[in-house]
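The chain is numbered in sequence order, starting from 1. What you see is a predicted model; the values in this text were computed from it and never measured.
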Amino acid sequence: MLTGKKILVGVTGSIAAYKSAYLVRELIRLGADVRCILTPAAREFITPLTLSTLSKNPVAVDFVKPEKEGKAGEWENHVKLGMWADLFIIAPLSANTLSKLVTGNCDNLLMAVYLSAKCPVWIAPAMDLDMYNHFSTKENLDKLKSKGIKILDAKDGELASGLEGKGRMEEPYEIAKEIDAFFNPQSKLKGKKILITGGPTYEAIDPVRFIGNHSSGKTGVLLADACAARGAEVFLITGPTREKVKNPYVRVLHVQSADEMMSAVEHNWFDFDAGIFSAAVADYRPENKAPEKIKKSDDRITLNLIKNPDILKWAGLNKKAHQRVIGFALETENEIENAQKKLEQKRADLIVLNSLKDEGAGFGHDTNKVTFVQANNKIRNFELSQKSVLMSQLLDELEQMLS
Ligand code: CTP
């Protein structure tokens with residue numbers, strides 16, 4: 001909770017300015033005292049009235065306050081605002097304001113407050129793909145980082161221009177979460193040991209070919225980073241992936257096949273408090289791996305496949321009383337019933353059910369629609385949300401399960 005914390009939210013001219021309304025609402029929900037400053041350009045995207053209603057405080061825009069009840073010529077005390085805040089978050093941060101933060105070009109109230117602020121300053125950039133990728137932007141961000149400003153990196157996804165890529169402002173829920181964690185570092189996951197499986201598995205046919213699947217490994221990596229951000233000791237066992245873990249405290253083991261993943265889990269499982277099994281493990285593998293590359297000779301060849309070990313099931317059946325197990329299920333029919341069967345058969349404590357039926361959910365989307373399925377018919381449906389938000393909700397649930 002953020003009770004008693006004073007958070008100053010700076011909003012600049014970006015289409016993502018609408019998200020600042022959600023951020024303010026979330027900070028208020030966490031108990032913070034919130035005030036907002038808008039740049040003149042931000043007013044084109046969101047009104048002071050929206051933010052003053054949500055923050056329950058007047059919004060600062062100009063150096064001089066508007067004439068009110070016959071009183072004129074009152075100035076907005078930027079020094080006072082800068083001193084008032086325990087944390088100043090600029091979200092969204094435009095490329096224009098970013099460059100001013102570097103040079104100190106003080107041509108609006110937000111900049112004057114920034115230059116007077118004594119508290120930590122955080123920024124959540126939002127730009128279009130090529131602007132975010134531009135060397136000037138990168139250099140500016142690096143400069144601010146070296147001065148101790150915390151950057152909440154922009155995320156991948158669909159951008160206002162229609163382009164796809166990095167540039168979306170971090171989700172308000174995530175920003176509020178990070179602010180909460182900053183002021184309350186004692187997350188219930190602190191010191192807990194979490195094992196995570198992720199990615200696909202590759203099952204060799206011969207030295208150059210394999211059976212695999214389209215899993216990118218992103219979920220495992222994001223989960224690992226998110227658990228580590230909450231102070232957990234994380235071990236990620238992942239199949240082949242291009243995704244990179246950001247948090248230096250995550251231990252990563254790269255494996256190829258289901259058998260390799262299984263033995264890594266078997267060797268380590270009892271050292272952990274919980275396991276999150278997000279890997280897309282191939283259910284079958286070729287019975288024999290050809291020692292040499294199979295030559296193209298016959299018109300038809302037959303591959304004999306045998307069942308792979310079920311890693312989640314092994315962990316569930318062998319778990320000790322203190323250990324908790326989370327699995328995933330992707331179902332296309334009788335979803336809840338099938339997820340409940342998996343929960344029972346694999347002795348999991350929670351199954352995250354993904355349905356392919358909802359628009360905007362499943363593969364290739366940044367959003368997802370999931371249901372948490374637990375014992376005793378406990379079922380929680382979530383609205384279509386950003387995957388990162390759903391992940392936070394899953395970790396909130398894990399905290400409960402471990403406490
Ligand atoms: N899983 C696993 N090892 C396997 C297969 C699946 O650990 N060999 C885990 C996955 O990581 C996931 C859960 O089991 O958390 C469910 O995976 P899913 O593919 O939905 O189910 P399956 O058990 O493979 O059953 P089916 O494909 O018949 O639905």
Side-chain angles (χ1 to χ4, degrees), residues 7-23 36-46 82 85 87-117 119-179 182 218 221-222 225-226 229 242-248 366 386-388:
I7 314 290
L8 191 55
V9 178
V11 184
T12 72
S14 154
I15 188 71
Y18 77 91
K19 287 186 175 177
S20 59
Y22 291 93
L23 175 61
C36 303
I37 321 173
L38 270 68
T39 62
R43 292 187 66 166
E44 301 291 327
F45 296 91
I46 188 160
L87 188 135
F88 184 17
I89 165 91
I90 308 178
L93 173 75
S94 64
N96 185 33
T97 302
L98 169 64
S99 83
K100 290 185 199 171
L101 297 182
V102 174
T103 58
N105 176 6
C106 188
D107 69 348
N108 61 38
L109 183 68
L110 184 142
M111 284 305 301
V113 172
Y114 164 71
L115 293 174
S116 327
C119 60
V121 177
W122 291 17
I123 54 174
M127 281 164 224
D128 212 76
L129 182 67
D130 296 308
M131 291 170 83
Y132 198 63
N133 225 349
H134 199 277
F135 66 87
S136 302
T137 304
K138 286 181 178 162
E139 279 174 21
N140 284 340
L141 287 171
D142 283 346
K143 277 184 198 151
L144 294 183
K145 199 172 173 187
S146 72
K147 301 288 179 209
I149 289 179
K150 186 177 164 86
I151 297 162
L152 302 166
D153 213 5
K155 294 285 168 293
D156 270 329
E158 198 179 315
L159 302 168
S161 62
L163 294 173
E164 284 272 332
K166 210 167 171 178
R168 286 174 66 89
M169 187 181 109
E170 174 64 283
E171 289 307 313
Y173 184 84
E174 288 301 317
I175 298 176
K177 259 259 143 73
E178 281 224 35
I179 294 176
F182 173 74
K218 206 169 187 172
V221 166
L222 288 175
D225 276 333
R242 288 182 178 181
E243 299 294 324
K244 297 262 178 296
V245 168
K246 286 195 191 131
N247 195 303
D366 277 329
Q386 291 291 321
K387 285 182 176 169
S388 55

Is there a donor in the side chain of D153 and an acceptor in the side chain of Y132, or the other way round, less than 3.5 Å apart? yes
Under the criterion side-chain contact (heavy atoms from CB on, under 4.5 Å), I'd like the reasoning laid out for T97 against Y114: C-alpha separation, chi angles, the key distance, then a yes or no. CA-CA 11 Å; T97 302; Y114 164 71; over 6 Å; no
Using every non-hydrogen atom in the two residues, find where A126 and M169 come nearest and quote the distance to one decimal. CB-CB, 3.8 Å
Can you list the steps and then say if K19 with E171 is a salt bridge (Lys or Arg N to Asp or Glu O under 4.0 Å)? CA-CA 8 Å; K19 287 186 175 177; E171 289 307 313; 3.2 Å; yes
Non-hydrogen atoms of I175 and A124 that approach each other most closely: CD1-CB, 3.9 Å
May I ask you to say whether E174 pairs ionically with K155, meaning some side-chain N is under 4.0 Å from a carboxylate O? no
Say you draw a straight line from CD of E139 to NZ of K143; how long is it, rounded to the nearest 0.5 Å? 6.0 Å
Closest approach of C106 and L115, non-hydrogen atoms and distance? CB-CD1, 3.8 Å
Does the T137 side chain pair with the main chain of M131, one donor and one acceptor, at a distance under 3.5 Å? yes
Does the pair L101 and I90 meet the rule for a side-chain contact (heavy atoms from CB on, under 4.5 Å), with working shown? CA-CA 11 Å; L101 297 182; I90 308 178; 4.1 Å; yes
Side-chain heavy-atom pair M127, H134 within 4.5 angstrom cut-off: no
Shortest non-hydrogen separation from A91 to V11 and the atoms involved: O-CG2, 4.0 Å
Decide yes or no for L98 and L144: does some side-chain heavy atom of the first lie under 4.5 Å from some side-chain heavy atom of the second? yes
Let me confirm one number: the OG-CG distance from S99 to L93, rounded to the nearest 0.5 Å. 9.5 Å
List the atom of K244, the atom of D225, and the distance in Å for their closest heavy-atom pair. O-OD2, 4.4 Å
Hey, what do you get for CD1 (I89) to CZ (F182), rounding to the nearest 0.5 Å? 11.0 Å
I'd like to know whether OH of Y22 has more than 12 heavy-atom contacts from other residues, nucleotides or ligands below 6.0 angstrom. no
So do L163 and D130 actually touch side chain to side chain, heavy atoms under 4.5 Å? yes
Please find the pair of heavy atoms, one from T39 and one from G13, that lie closest to each other, and give the distance. OG1-N, 3.7 Å
Short side-chain to backbone donor-acceptor contact, R168 and E158, under 3.5 Å: yes
P125 side chain reached by L141 side chain, heavy atoms, under 4.5 Å: yes
Please walk me through it: do D156 and K218 pass side-chain contact (heavy atoms from CB on, under 4.5 Å)? CA-CA 12 Å; D156 270 329; K218 206 169 187 172; 4.3 Å; yes
Return yes if some donor-acceptor pair links the side-chain N/O of S116 with the main-chain N/O of A112 below 3.5 Å, else return no. yes
As an exercise, state the distance from CD1 of I151 to CD1 of I123, rounded to the nearest 0.5 Å. 4.5 Å
Within the distance-only criterion (no hydrogens, no angle test), does the side chain of T12 pair as donor or acceptor with the backbone N or O of P92 below 3.5 angstrom? yes
Do I37 and F88 make a side-chain contact, defined as non-hydrogen atoms from C-beta onward lying under 4.5 Å apart? yes
Are N108 and P40 side-chain neighbours, meaning at least one heavy-atom pair lies under 4.5 Å? yes
Check against side-chain contact (heavy atoms from CB on, under 4.5 Å), K100 and L110: CA-CA 10 Å; K100 290 185 199 171; L110 184 142; over 6 Å; no
Any chance you could measure E170, atom CD, to L23, atom CG, to the nearest 0.5 Å? 10.5 Å
What distance do K166 atom NZ and N133 atom CG have between them, rounded to the nearest 0.5 Å? 9.0 Å
